[in-house]
*Asks:* 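This structure is in C-alpha coordinates; I'll ask about it shortly.
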Number of protein chains: 2
Amino acid sequence: MTEERKISMAVIRRLPRYYRYLGELLDNGVTKISSRELSEKMKVTASQIRQDLNNFGGFGQQGYGYNVEYLHKEIGKILGLENTHSMIIVGVGNLGQALANYTSFEKRGFNLIGLFDVNPRLVGMSIRGIEVLDIDKMEEFVKEHKVDIAILTMPKTKVKETAENLAKWGVRGLWNFSPVDLFVPDGVQVENVHLSHSLMTLAYRINECEGE
Amino acid sequence: MTEERKISMAVIRRLPRYYRYLGELLDNGVTKISSRELSEKMKVTASQIRQDLNNFGGFGQQGYGYNVEYLHKEIGKILGLENTHSMIIVGVGNLGQALANYTSFEKRGFNLIGLFDVNPRLVGMSIRGIEVLDIDKMEEFVKEHKVDIAILTMPKTKVKETAENLAKWGVRGLWNFSPVDLFVPDGVQVENVHLSHSLMTLAYRINECEGE
DNA sequence: TAGATTGTTAATCGATTAACAATC
DNA sequence: TAGATTGTTAATCGATTAACAATC
(Lines give C-alpha, C1' and ligand atoms only; values in the text may rest on other atoms or scores of the structure.)
Protein backbone atom coordinates (compact mmCIF):
# COMPACT_ATOMS: atom_id res chain seq x y z
CA MET A 1 0.00 0.00 0.00
CA THR A 2 1.53 3.31 -1.06
CA GLU A 3 0.76 5.94 1.53
CA GLU A 4 0.76 9.30 -0.15
CA ARG A 5 1.63 11.34 2.88
CA LYS A 6 1.75 10.81 6.60
CA ILE A 7 -1.34 12.25 8.25
CA SER A 8 -0.60 13.85 11.60
CA MET A 9 -2.12 12.46 14.79
CA ALA A 10 -3.64 15.89 15.48
CA VAL A 11 -5.82 15.43 12.41
CA ILE A 12 -6.69 11.80 13.19
CA ARG A 13 -7.81 12.69 16.68
CA ARG A 14 -10.27 15.21 15.32
CA LEU A 15 -11.93 12.76 12.95
CA PRO A 16 -14.06 10.93 15.54
CA ARG A 17 -15.47 14.25 16.65
CA TYR A 18 -16.41 15.21 13.09
CA TYR A 19 -17.92 11.77 12.73
CA ARG A 20 -20.01 12.21 15.84
CA TYR A 21 -21.32 15.64 14.83
CA LEU A 22 -22.17 14.49 11.34
CA GLY A 23 -23.99 11.50 12.80
CA GLU A 24 -26.05 13.83 14.95
CA LEU A 25 -26.86 16.06 11.99
CA LEU A 26 -27.88 12.99 10.03
CA ASP A 27 -30.20 11.91 12.85
CA ASN A 28 -31.74 15.37 12.78
CA GLY A 29 -32.44 15.09 9.08
CA VAL A 30 -29.87 17.66 7.98
CA THR A 31 -28.76 16.83 4.45
CA LYS A 32 -26.12 19.47 3.69
CA ILE A 33 -23.71 21.59 5.68
CA SER A 34 -20.98 24.09 4.87
CA SER A 35 -17.62 24.14 6.60
CA ARG A 36 -18.60 27.49 8.11
CA GLU A 37 -21.83 26.17 9.64
CA LEU A 38 -20.08 23.11 11.00
CA SER A 39 -17.25 25.24 12.36
CA GLU A 40 -19.71 27.36 14.33
CA LYS A 41 -21.37 24.31 15.87
CA MET A 42 -18.07 22.66 16.76
CA LYS A 43 -16.19 25.79 17.76
CA VAL A 44 -13.30 25.23 15.44
CA THR A 45 -12.27 27.17 12.34
CA ALA A 46 -13.80 26.42 8.96
CA SER A 47 -10.28 26.45 7.59
CA GLN A 48 -9.27 23.62 9.85
CA ILE A 49 -12.23 21.50 8.82
CA ARG A 50 -11.47 21.97 5.14
CA GLN A 51 -7.77 21.30 5.63
CA ASP A 52 -8.45 18.20 7.69
CA LEU A 53 -10.85 16.74 5.17
CA ASN A 54 -8.65 17.53 2.21
CA ASN A 55 -5.97 15.31 3.66
CA PHE A 56 -8.17 12.46 2.51
CA GLY A 57 -9.77 13.86 -0.61
CA GLY A 58 -12.33 16.38 -1.80
CA PHE A 59 -15.62 15.43 -0.21
CA GLY A 60 -17.44 18.69 -0.85
CA GLN A 61 -18.76 20.66 -3.73
CA GLN A 62 -17.95 24.30 -4.40
CA GLY A 63 -20.84 26.67 -3.88
CA TYR A 64 -22.83 23.97 -2.07
CA GLY A 65 -20.95 22.52 0.86
CA TYR A 66 -20.86 18.93 2.05
CA ASN A 67 -23.49 16.24 1.81
CA VAL A 68 -23.89 15.13 5.42
CA GLU A 69 -24.66 11.50 4.75
CA TYR A 70 -21.83 11.10 2.27
CA LEU A 71 -19.26 12.86 4.43
CA HIS A 72 -20.30 10.87 7.50
CA LYS A 73 -19.87 7.66 5.61
CA GLU A 74 -16.52 8.66 4.16
CA ILE A 75 -15.08 9.62 7.55
CA GLY A 76 -16.33 6.30 8.84
CA LYS A 77 -14.41 4.59 6.06
CA ILE A 78 -11.26 6.56 6.85
CA LEU A 79 -11.49 5.51 10.50
CA GLY A 80 -11.90 1.92 9.40
CA LEU A 81 -15.39 1.57 10.82
CA GLU A 82 -16.64 -0.33 7.78
CA ASN A 83 -14.48 -3.21 8.97
CA THR A 84 -15.33 -5.10 12.11
CA HIS A 85 -12.69 -5.45 14.80
CA SER A 86 -12.46 -8.30 17.25
CA MET A 87 -11.37 -7.51 20.77
CA ILE A 88 -10.38 -9.31 23.93
CA ILE A 89 -10.17 -7.92 27.44
CA VAL A 90 -7.20 -8.88 29.58
CA GLY A 91 -7.99 -8.25 33.22
CA VAL A 92 -11.62 -8.51 34.22
CA GLY A 93 -11.56 -6.31 37.31
CA ASN A 94 -13.78 -3.31 37.80
CA LEU A 95 -12.72 -1.47 34.70
CA GLY A 96 -12.51 -4.56 32.53
CA GLN A 97 -16.03 -5.55 33.51
CA ALA A 98 -17.31 -2.05 32.86
CA LEU A 99 -15.84 -2.07 29.37
CA ALA A 100 -17.13 -5.59 28.76
CA ASN A 101 -20.62 -4.34 29.51
CA TYR A 102 -20.34 -1.43 27.10
CA THR A 103 -22.68 -2.19 24.24
CA SER A 104 -21.95 0.92 22.22
CA PHE A 105 -18.61 -0.35 20.92
CA GLU A 106 -20.42 -3.17 19.16
CA LYS A 107 -22.51 -0.67 17.21
CA ARG A 108 -19.34 0.60 15.61
CA GLY A 109 -18.16 -2.88 14.75
CA PHE A 110 -15.93 -3.52 17.75
CA ASN A 111 -16.87 -7.01 18.85
CA LEU A 112 -15.80 -8.53 22.10
CA ILE A 113 -14.83 -12.15 21.66
CA GLY A 114 -12.79 -13.05 24.72
CA LEU A 115 -12.22 -12.27 28.40
CA PHE A 116 -9.18 -13.31 30.40
CA ASP A 117 -8.12 -13.11 34.01
CA VAL A 118 -5.77 -14.80 36.45
CA ASN A 119 -8.26 -14.73 39.32
CA PRO A 120 -9.92 -18.18 39.76
CA ARG A 121 -12.98 -16.48 41.20
CA LEU A 122 -13.58 -14.66 37.94
CA VAL A 123 -12.69 -17.53 35.61
CA GLY A 124 -15.87 -19.29 34.50
CA MET A 125 -18.03 -16.22 35.04
CA SER A 126 -19.84 -14.87 31.99
CA ILE A 127 -20.42 -11.31 30.84
CA ARG A 128 -22.87 -10.76 28.02
CA GLY A 129 -22.52 -14.40 27.05
CA ILE A 130 -18.73 -14.40 27.01
CA GLU A 131 -16.96 -16.65 29.46
CA VAL A 132 -13.95 -15.45 31.40
CA LEU A 133 -11.04 -17.78 30.61
CA ASP A 134 -7.89 -18.37 32.56
CA ILE A 135 -5.04 -16.29 31.26
CA ASP A 136 -3.16 -19.53 30.51
CA LYS A 137 -5.59 -20.12 27.69
CA MET A 138 -4.89 -16.78 26.07
CA GLU A 139 -2.02 -17.79 23.82
CA GLU A 140 -4.03 -20.59 22.27
CA PHE A 141 -7.09 -18.38 21.93
CA VAL A 142 -5.24 -15.53 20.24
CA LYS A 143 -3.51 -17.86 17.83
CA GLU A 144 -6.76 -19.55 16.92
CA HIS A 145 -8.97 -16.51 16.59
CA LYS A 146 -8.04 -13.37 14.76
CA VAL A 147 -7.72 -10.79 17.53
CA ASP A 148 -7.37 -7.22 16.34
CA ILE A 149 -7.37 -5.36 19.63
CA ALA A 150 -6.50 -6.34 23.19
CA ILE A 151 -7.86 -4.16 25.96
CA LEU A 152 -5.35 -4.11 28.80
CA THR A 153 -7.13 -3.54 32.10
CA MET A 154 -4.90 -5.60 34.31
CA PRO A 155 -2.64 -4.58 37.18
CA LYS A 156 0.36 -2.73 35.86
CA THR A 157 2.96 -5.22 37.09
CA LYS A 158 2.17 -7.72 34.33
CA VAL A 159 1.27 -5.34 31.52
CA LYS A 160 4.65 -5.06 29.88
CA GLU A 161 5.13 -8.81 29.54
CA THR A 162 1.55 -9.36 28.41
CA ALA A 163 1.83 -6.64 25.77
CA GLU A 164 5.00 -8.19 24.39
CA ASN A 165 3.36 -11.59 24.19
CA LEU A 166 0.21 -10.31 22.54
CA ALA A 167 2.31 -8.45 19.97
CA LYS A 168 4.27 -11.63 19.30
CA TRP A 169 1.05 -13.61 18.85
CA GLY A 170 -0.18 -11.18 16.21
CA VAL A 171 -2.45 -8.74 18.00
CA ARG A 172 -2.12 -5.43 16.19
CA GLY A 173 -3.72 -2.96 18.57
CA LEU A 174 -3.28 -2.53 22.31
CA TRP A 175 -5.69 -0.31 24.20
CA ASN A 176 -3.76 0.25 27.37
CA PHE A 177 -5.42 1.46 30.56
CA SER A 178 -2.39 0.99 32.80
CA PRO A 179 -0.15 3.83 33.90
CA VAL A 180 2.74 2.27 32.03
CA ASP A 181 4.44 3.18 28.77
CA LEU A 182 4.57 0.29 26.35
CA PHE A 183 7.34 0.13 23.79
CA VAL A 184 6.28 -2.49 21.27
CA PRO A 185 7.55 -3.54 17.85
CA ASP A 186 6.68 -1.58 14.73
CA GLY A 187 3.36 -2.59 13.31
CA VAL A 188 1.73 -2.87 16.71
CA GLN A 189 -0.27 0.19 17.70
CA VAL A 190 -0.68 1.33 21.29
CA GLU A 191 -3.39 3.71 22.40
CA ASN A 192 -3.06 4.78 26.02
CA VAL A 193 -5.87 5.85 28.30
CA HIS A 194 -4.09 7.25 31.32
CA LEU A 195 -6.98 8.09 33.62
CA SER A 196 -4.76 9.32 36.41
CA HIS A 197 -2.94 11.66 34.02
CA SER A 198 -6.22 13.00 32.78
CA LEU A 199 -7.38 13.64 36.33
CA MET A 200 -4.12 15.37 37.25
CA THR A 201 -4.35 17.80 34.36
CA LEU A 202 -7.87 18.61 35.52
CA ALA A 203 -6.52 19.25 39.00
CA TYR A 204 -3.85 21.54 37.56
CA ARG A 205 -6.39 23.58 35.68
CA ILE A 206 -8.71 23.88 38.67
CA ASN A 207 -5.92 25.12 40.85
CA GLU A 208 -4.52 27.42 38.18
CA CYS A 209 -7.84 29.07 37.51
CA GLU A 210 -8.61 29.73 41.13
CA GLY A 211 -10.51 32.96 41.53
CA GLU A 212 -10.94 33.50 37.82
CA MET B 1 -3.07 35.92 41.27
CA THR B 2 -0.86 37.30 38.51
CA GLU B 3 -0.13 34.59 36.01
CA GLU B 4 3.19 35.31 34.37
CA ARG B 5 2.55 33.50 31.15
CA LYS B 6 0.03 31.03 29.85
CA ILE B 7 1.45 27.53 29.87
CA SER B 8 0.35 25.47 26.89
CA MET B 9 -1.76 22.36 27.36
CA ALA B 10 0.89 20.36 25.51
CA VAL B 11 3.27 21.05 28.39
CA ILE B 12 0.67 20.38 31.08
CA ARG B 13 -0.20 17.02 29.59
CA ARG B 14 3.42 15.93 29.80
CA LEU B 15 3.79 16.76 33.48
CA PRO B 16 1.98 13.70 34.86
CA ARG B 17 4.28 11.51 32.85
CA TYR B 18 7.38 13.21 34.24
CA TYR B 19 5.84 12.88 37.67
CA ARG B 20 5.31 9.17 37.21
CA TYR B 21 8.85 8.51 35.96
CA LEU B 22 10.40 10.53 38.76
CA GLY B 23 8.27 8.63 41.27
CA GLU B 24 9.60 5.37 39.86
CA LEU B 25 13.18 6.60 40.04
CA LEU B 26 12.57 7.66 43.60
CA ASP B 27 11.24 4.20 44.46
CA ASN B 28 14.38 2.74 42.93
CA GLY B 29 16.57 4.88 45.10
CA VAL B 30 17.88 7.12 42.32
CA THR B 31 18.80 10.48 43.79
CA LYS B 32 19.93 12.50 40.77
CA ILE B 33 19.22 12.50 37.07
CA SER B 34 20.22 14.65 34.11
CA SER B 35 17.83 15.76 31.42
CA ARG B 36 19.72 13.57 28.98
CA GLU B 37 19.37 10.43 31.07
CA LEU B 38 15.69 11.10 31.65
CA SER B 39 15.16 11.82 27.98
CA GLU B 40 16.61 8.45 27.03
CA LYS B 41 14.34 6.63 29.45
CA MET B 42 11.24 8.49 28.38
CA LYS B 43 12.04 8.67 24.65
CA VAL B 44 11.69 12.41 24.41
CA THR B 45 14.36 15.05 23.79
CA ALA B 46 16.41 16.46 26.64
CA SER B 47 15.67 19.88 25.23
CA GLN B 48 11.97 19.36 25.67
CA ILE B 49 12.36 18.30 29.27
CA ARG B 50 14.44 21.37 30.09
CA GLN B 51 12.08 23.69 28.25
CA ASP B 52 9.04 22.19 29.93
CA LEU B 53 10.50 22.47 33.41
CA ASN B 54 11.76 25.99 32.87
CA ASN B 55 8.21 27.13 32.31
CA PHE B 56 7.84 26.78 36.05
CA GLY B 57 11.28 27.68 37.30
CA GLY B 58 14.82 26.40 37.51
CA PHE B 59 14.70 23.10 39.35
CA GLY B 60 18.14 21.86 38.36
CA GLN B 61 21.73 22.70 38.95
CA GLN B 62 24.30 23.27 36.22
CA GLY B 63 26.89 20.58 35.99
CA TYR B 64 24.87 18.28 38.22
CA GLY B 65 21.38 17.69 36.91
CA TYR B 66 18.18 17.40 38.87
CA ASN B 67 17.57 16.09 42.36
CA VAL B 68 14.94 13.42 41.81
CA GLU B 69 13.12 13.83 45.10
CA TYR B 70 13.00 17.60 44.84
CA LEU B 71 11.88 17.63 41.22
CA HIS B 72 9.20 15.02 41.88
CA LYS B 73 7.84 17.06 44.71
CA GLU B 74 7.89 20.30 42.73
CA ILE B 75 6.02 18.79 39.79
CA GLY B 76 3.50 17.44 42.28
CA LYS B 77 3.04 20.96 43.59
CA ILE B 78 2.60 22.34 40.09
CA LEU B 79 -0.08 19.76 39.38
CA GLY B 80 -1.81 20.72 42.61
CA LEU B 81 -1.31 17.32 44.22
CA GLU B 82 -0.37 18.83 47.58
CA ASN B 83 -4.01 19.88 47.88
CA THR B 84 -6.72 17.30 48.35
CA HIS B 85 -9.63 17.30 45.95
CA SER B 86 -13.12 16.11 46.78
CA MET B 87 -15.03 14.28 44.09
CA ILE B 88 -18.53 12.98 43.44
CA ILE B 89 -19.62 10.49 40.82
CA VAL B 90 -22.79 11.19 38.91
CA GLY B 91 -24.09 7.99 37.36
CA VAL B 92 -23.23 4.78 39.14
CA GLY B 93 -23.47 2.38 36.21
CA ASN B 94 -20.67 0.08 35.16
CA LEU B 95 -18.09 2.75 34.59
CA GLY B 96 -19.13 4.84 37.59
CA GLN B 97 -18.81 1.80 39.85
CA ALA B 98 -15.44 0.94 38.39
CA LEU B 99 -14.13 4.42 39.08
CA ALA B 100 -15.67 4.39 42.56
CA ASN B 101 -13.69 1.27 43.31
CA TYR B 102 -10.42 2.78 42.15
CA THR B 103 -8.32 3.25 45.23
CA SER B 104 -5.33 4.78 43.50
CA PHE B 105 -6.94 8.19 43.07
CA GLU B 106 -7.12 8.52 46.82
CA LYS B 107 -3.37 8.12 47.10
CA ARG B 108 -2.96 11.29 45.07
CA GLY B 109 -5.43 13.19 47.25
CA PHE B 110 -8.54 12.71 45.14
CA ASN B 111 -11.19 11.74 47.67
CA LEU B 112 -14.57 10.39 46.73
CA ILE B 113 -17.28 11.86 48.94
CA GLY B 114 -20.53 11.24 47.09
CA LEU B 115 -22.29 8.95 44.63
CA PHE B 116 -25.50 9.79 42.79
CA ASP B 117 -27.87 7.98 40.49
CA VAL B 118 -31.47 8.11 39.31
CA ASN B 119 -31.94 4.36 39.42
CA PRO B 120 -33.86 3.33 42.60
CA ARG B 121 -32.14 -0.04 42.50
CA LEU B 122 -28.76 1.59 42.99
CA VAL B 123 -29.85 4.23 45.49
CA GLY B 124 -29.05 3.00 48.99
CA MET B 125 -26.27 0.73 47.85
CA SER B 126 -22.80 1.43 49.22
CA ILE B 127 -19.42 1.37 47.53
CA ARG B 128 -16.36 1.57 49.75
CA GLY B 129 -18.51 2.96 52.52
CA ILE B 130 -20.14 5.65 50.41
CA GLU B 131 -23.87 5.45 49.95
CA VAL B 132 -25.45 6.05 46.57
CA LEU B 133 -27.90 8.92 46.90
CA ASP B 134 -30.83 9.82 44.71
CA ILE B 135 -29.89 12.46 42.20
CA ASP B 136 -32.55 14.73 43.72
CA LYS B 137 -30.30 15.08 46.75
CA MET B 138 -27.36 16.27 44.68
CA GLU B 139 -28.05 20.00 44.74
CA GLU B 140 -28.26 20.06 48.52
CA PHE B 141 -25.18 17.88 48.84
CA VAL B 142 -23.05 19.98 46.52
CA LYS B 143 -24.07 23.19 48.21
CA GLU B 144 -23.31 21.77 51.65
CA HIS B 145 -20.02 20.07 50.87
CA LYS B 146 -17.20 21.60 48.91
CA VAL B 147 -17.09 19.53 45.76
CA ASP B 148 -14.09 20.15 43.53
CA ILE B 149 -14.65 17.60 40.81
CA ALA B 150 -17.72 15.84 39.46
CA ILE B 151 -17.17 12.65 37.52
CA LEU B 152 -19.84 12.40 34.84
CA THR B 153 -20.52 8.76 34.02
CA MET B 154 -24.20 9.04 33.27
CA PRO B 155 -26.12 8.46 30.02
CA LYS B 156 -25.39 11.25 27.59
CA THR B 157 -28.96 12.52 27.36
CA LYS B 158 -28.80 14.24 30.73
CA VAL B 159 -25.15 15.27 30.79
CA LYS B 160 -25.53 18.76 29.37
CA GLU B 161 -28.14 19.82 31.90
CA THR B 162 -26.32 18.19 34.80
CA ALA B 163 -23.07 19.88 33.87
CA GLU B 164 -24.75 23.26 33.76
CA ASN B 165 -26.29 22.70 37.17
CA LEU B 166 -23.06 21.50 38.76
CA ALA B 167 -21.25 24.55 37.38
CA LYS B 168 -23.96 26.78 38.80
CA TRP B 169 -23.67 25.11 42.19
CA GLY B 170 -19.94 25.79 42.31
CA VAL B 171 -18.24 22.62 41.10
CA ARG B 172 -15.05 23.70 39.36
CA GLY B 173 -13.99 20.59 37.52
CA LEU B 174 -15.99 18.21 35.36
CA TRP B 175 -14.46 14.92 34.35
CA ASN B 176 -16.68 13.96 31.48
CA PHE B 177 -16.92 10.39 30.19
CA SER B 178 -19.86 10.99 27.85
CA PRO B 179 -19.46 11.42 24.11
CA VAL B 180 -20.77 14.95 24.37
CA ASP B 181 -19.03 18.32 24.17
CA LEU B 182 -19.75 20.47 27.18
CA PHE B 183 -19.63 24.23 26.83
CA VAL B 184 -19.58 25.60 30.36
CA PRO B 185 -18.93 29.04 31.87
CA ASP B 186 -15.41 30.37 32.32
CA GLY B 187 -13.84 29.20 35.52
CA VAL B 188 -15.25 25.69 35.17
CA GLN B 189 -12.81 23.20 33.72
CA VAL B 190 -13.84 20.24 31.60
CA GLU B 191 -11.64 17.25 30.97
CA ASN B 192 -13.08 14.81 28.48
CA VAL B 193 -12.37 11.10 28.33
CA HIS B 194 -13.88 10.04 25.05
CA LEU B 195 -13.32 6.30 25.08
CA SER B 196 -15.03 5.72 21.77
CA HIS B 197 -12.84 8.36 20.11
CA SER B 198 -9.76 6.76 21.57
CA LEU B 199 -10.81 3.37 20.24
CA MET B 200 -11.56 4.78 16.79
CA THR B 201 -8.13 6.33 16.46
CA LEU B 202 -6.66 2.96 17.36
CA ALA B 203 -8.79 1.37 14.65
CA TYR B 204 -7.53 3.95 12.15
CA ARG B 205 -3.93 3.22 12.96
CA ILE B 206 -4.39 -0.53 12.78
CA ASN B 207 -5.99 -0.28 9.37
CA GLU B 208 -3.48 2.27 8.12
CA CYS B 209 -0.49 0.21 9.12
CA GLU B 210 -1.75 -2.96 7.51
CA GLY B 211 1.12 -4.95 6.12
CA GLU B 212 3.77 -2.73 7.61
C1' DT C 1 -24.84 34.58 -14.85
C1' DA C 2 -24.12 35.79 -9.86
C1' DG C 3 -23.45 33.95 -5.42
C1' DA C 4 -21.58 30.70 -2.57
C1' DT C 5 -18.29 27.69 -0.89
C1' DT C 6 -14.82 24.50 -1.70
C1' DG C 7 -9.88 23.09 -2.43
C1' DT C 8 -5.43 24.81 -2.01
C1' DT C 9 -1.66 27.97 -1.56
C1' DA C 10 0.47 31.40 1.33
C1' DA C 11 1.09 33.60 5.89
C1' DT C 12 1.12 33.18 10.64
C1' DC C 13 1.54 31.22 14.79
C1' DG C 14 3.18 28.04 18.20
C1' DA C 15 5.80 24.14 19.61
C1' DT C 16 9.95 21.49 19.29
C1' DT C 17 14.76 21.04 18.69
C1' DA C 18 19.43 22.75 18.48
C1' DA C 19 23.04 25.47 20.19
C1' DC C 20 25.64 27.67 23.54
C1' DA C 21 26.73 30.90 27.24
C1' DA C 22 26.24 30.71 32.18
C1' DT C 23 27.54 28.38 36.15
C1' DC C 24 27.83 24.76 39.43
C1' DT D 1 40.35 24.55 37.35
C1' DA D 2 38.09 21.32 34.01
C1' DG D 3 34.02 18.89 33.02
C1' DA D 4 29.29 18.61 33.00
C1' DT D 5 24.82 20.11 32.54
C1' DT D 6 21.54 23.52 33.15
C1' DG D 7 18.79 27.65 31.64
C1' DT D 8 17.80 30.24 27.74
C1' DT D 9 18.12 32.14 23.18
C1' DA D 10 17.94 31.14 18.34
C1' DA D 11 16.63 28.09 14.47
C1' DT D 12 13.63 24.80 12.70
C1' DC D 13 9.73 22.43 12.09
C1' DG D 14 4.85 21.61 11.93
C1' DA D 15 0.17 22.96 12.59
C1' DT D 16 -3.30 26.42 12.24
C1' DT D 17 -5.39 30.26 10.09
C1' DA D 18 -6.13 33.43 6.32
C1' DA D 19 -6.78 34.38 1.64
C1' DC D 20 -8.29 33.56 -2.81
C1' DA D 21 -8.61 31.32 -7.29
C1' DA D 22 -11.34 27.51 -9.01
C1' DT D 23 -15.80 25.99 -9.84
C1' DC D 24 -20.32 24.34 -8.84
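In what follows, every chain begins at residue 1, and chains take the letters A, B, ... in the order their sequences are listed.
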*Asks:* When you compare the side chains of B/Glu37 and B/Ser34, does any donor N or O come within less than 3.5 Å of an acceptor on the partner?
*Replies:*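 Checked: B/Glu37/B/Ser34 side chains pair up, N/O donor to acceptor below 3.5 Å.
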*Asks:* Less than 3.5 Å apart, any donor N or O on the side chain of A/Glu106 or A/Thr103 sitting next to an acceptor on the other?
*Replies:*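 Short answer, no.
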*Asks:* Represent DNA chain C in dot-bracket notation, 5' to 3'. Only Watson-Crick or G-U wobble pairs with both distances under 3.5 Å count; pseudoknot-style crossings use [ ] and interstrand partners use |.
*Replies:* ..||||||||||||||||||||||
*Asks:* Specify the residue among B/Gln51 and B/Gln62 whose closest nucleotide of DNA chain D lies further upstream toward the 5′ end.
*Replies:*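 It is B/Gln62 whose nearest nucleotide is closer to the 5' end.
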*Asks:* Is the distance between the ring centroids of B/Trp175 and B/Phe110 under 6.0 Å?
*Replies:*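 Centroid separation for B/Trp175 and B/Phe110: 6.0 Å or greater.
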*Asks:* At 4.0 Å (heavy atoms only), tell me whether B/Ser47 reaches a base, stays on the sugar-phosphate, or touches nothing.
*Replies:*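 Base contact - B/Ser47 has a heavy atom under 4.0 Å of at least one base atom.
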*Asks:* Search all heavy atoms of A/Ile7 against all heavy atoms of B/Tyr204 and return the closest pair with its distance.
*Replies:*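 Smallest interatomic distance, heavy atoms only, reads CG1-OH, 3.8 Å.
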*Asks:* Can you pull the contact range of chain A along DNA chain D, 5' to 3', using atoms under 4.0 angstrom from its heavy atoms?
*Replies:*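 Result: D/dA15 to D/dC24.
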*Asks:* For the pair A/Tyr19 and A/His72, name the ring-plane relationship: parallel under 30°, tilted 30 to 60°, perpendicular over 60°.
*Replies:*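 The arrangement is parallel - the two ring planes meet at less than 30°.
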*Asks:* Cation-pi check, B/Lys32 to B/Tyr64: give yes when NZ or CZ is under 6.0 Å from the six-membered ring centre and within 45° of the ring axis, no otherwise.
*Replies:*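 Yes; both conditions hold, so B/Lys32 lies above the ring face of B/Tyr64.
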*Asks:* Between B/His194 and A/Arg17, is any side-chain donor less than 3.5 angstrom from a side-chain acceptor?
*Replies:*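 No donor-acceptor contact under 3.5 Å links the two side chains.
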*Asks:* Does the ring-ring contact (aromatic ring centres under 6.0 Å, His included) test come out yes or no for A/Tyr18 and A/Tyr21, once each step is laid out?
*Replies:* CA-CA 5 Å; A/Tyr18 295 141; A/Tyr21 269 80; 8.7 Å; no
